[in-house]
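This is a predicted model, so every value here is computed, not measured.
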Amino acid sequence: MLRDLGLDPDSPDPGATSAPAEPDVGKRLRARARRRQRAANLSYFAFTATPKHKTLEGFGSLGEDGKYHPFHT
């Protein structure tokens with residue numbers, strides 16, 4: 001992606017990545033982001049660190065205290 005923007009981190013030229021950015025670099029980045037968004041074959045999943053009671057009942061272990069606990073910590 002850096003090469004597409006005219007920046008090359010592997011270039012031996014010392015100013016290849018520290019040169020001032022061209023004014024249209026931001027526009028090119030936004031255009032590239034627009035082309036990459038909303039793919040039809042993507043799914044998004046969210047996981048929480050604290051499982052809900054229903055999740056613990058389905059996937060947890062019943063402890064001696066009568067409560068469900070995660071089977072793995």
Side-chain angles (χ1 to χ4, degrees):
M1 183 168 132
L2 290 174
R3 285 187 183 95
D4 296 343
L5 297 172
L7 303 172
D8 185 2
D10 300 324
S11 173
D13 179 17
T17 57
S18 61
E22 300 174 30
D24 66 335
V25 170
K27 287 182 185 178
R28 290 166 47 192
L29 280 172
R30 285 188 291 278
R32 179 175 265 259
R34 276 194 300 274
R35 286 193 306 266
R36 295 180 64 198
Q37 69 184 7
R38 305 233 186 231
N41 60 345
L42 287 181
S43 298
Y44 296 93
F45 299 93
F47 297 95
T48 62
T50 307
K52 295 182 180 180
H53 295 290
K54 184 177 179 181
T55 306
L56 285 175
E57 288 176 13
F59 299 101
S61 302
L62 186 60
E64 293 178 8
D65 59 357
K67 296 181 182 179
Y68 286 95
H69 301 278
F71 71 93
H72 185 272
T73 53

Heavy-atom pair of closest approach, residues Leu56 and Pro51: CD2-CG, 3.7 Å

Of all pairs that satisfy side chain to side chain donor-acceptor pair (under 3.5 Å), the ones with a partner from residues 51-65, not counting sequence neighbours: Asp65-His69

Pairwise distance CZ(Arg32) to CG(Leu29) - rounded to 0.5 angstrom: 8.5 Å

side-chain contact (heavy atoms from CB on, under 4.5 Å) partners of Phe45, counting only residues at least two apart: Ser43, Phe47

